[in-house]
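Accompanying notes for the structure given below.
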Amino acid sequence: MASAPDPAAAFTHRHGVVTAYDDHAGLGAITDASTGFVWPFHCTRIADGSRTIQVGGPVGFRVEPQPSGLEAVMITTDDEPG
C-alpha cells in the first residue's frame, strides 16, 4: 500500500479503480490512480444512490474526513458527471 497523499490534496477530484467491494457489508476500497493509495468507502458514498458498484470499474471520487478517518466519497463511475 502506498503512503497517504498530502492531506490538502485529498479534497481534489481524483480517479481510481474499485479494487474491492462487499455487497452484503456495503464496504469497499478504491485504489487511487495517481498515488496508488487505497481509500476505503461505504456504499452510501456512491453518488447515484444504487449502493452497489462493479469491482474493477474506473471511478471518480473525492476524499473527505469521516468518523472512521479519511474515506472516498461522491463516488461516480467514470462515465457519469462528477
Side-chain angles (χ1 to χ4, degrees):
M1 179 166 68
S3 61
D6 174 5
F11 294 92
T12 62
H13 186 74
R14 311 190 72 75
H15 294 276
V17 174
V18 177
T19 49
Y21 186 67
D22 180 331
D23 199 46
H24 180 71
L27 301 173
I30 296 171
T31 300
D32 192 308
S34 62
T35 66
F37 190 78
V38 178
W39 297 104
F41 71 91
H42 186 266
C43 64
T44 58
R45 307 300 182 208
I46 299 169
D48 69 5
S50 67
R51 294 188 178 219
T52 190
I53 199 159
Q54 177 90 23
V55 172
V59 292
F61 64 100
R62 292 189 181 276
V63 175
E64 293 182 0
Q66 301 299 314
S68 62
L70 290 174
E71 191 175 298
V73 299
M74 297 173 45
I75 301 163
T76 61
T77 58
D78 260 2
D79 61 343
E80 296 176 24

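Keep in mind it's a predicted model, so treat the numbers as computed, not measured.
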(message) Is there a side chain to side chain contact (heavy atoms under 4.5 Å, CB included) between V59 and H15? Walk through the geometry before answering.
(response) CA-CA 6 Å; V59 292; H15 294 276; over 6 Å; no
(request) Take V73 and F41 through the side chain to side chain contact (heavy atoms under 4.5 Å, CB included) test and state the conclusion after the steps. (result) CA-CA 7 Å; V73 299; F41 71 91; over 6 Å; no
(message) So D48 and I46, do their side chains get closer than 4.5 Å, heavy atoms only?
(response) yes
(message) For D32 versus F61, what's the shortest heavy-atom pair and its separation?
(response) OD2-CZ, 3.9 Å
(request) Please find out if less than 6.0 Å separates the ring center of F37 from that of W39. (result) yes
(message) Under a plain distance cut-off of 3.5 Å, with no hydrogens placed, do T44 and R51 share a side-chain donor-acceptor pair?
(response) no
(message) I need the full list of salt bridge (Lys or Arg N to Asp or Glu O under 4.0 Å) pairs touching residues 33-47, with sequence neighbours left out, sorted by first then second residue.
(response) R45-E71
(message) Same cluster or not: L70 versus V18, using hydrophobic residues (I, L, V, M, F, W, Y) connected whenever any side-chain heavy atoms lie under 4.5 Å apart?
(response) yes
(request) Specify the closest pair of heavy atoms between R62 and H13, including all atoms of both residues, with the distance to one decimal. (result) NH1-N, 3.3 Å
(request) Compare all side-chain heavy atoms of R14 with those of V63 and state whether any distance is below 4.5 angstrom. (result) yes
Output side-chain donor-acceptor pairs under 3.5 Å for residues 23-31, partner residues at least two apart or in another chain, one line each.
from : atom 1 : to  : atom 2 : distance (Å)
D23  : OD1    : T52 : OG1    : 3.2
T31  : OG1    : T19 : OG1    : 3.2

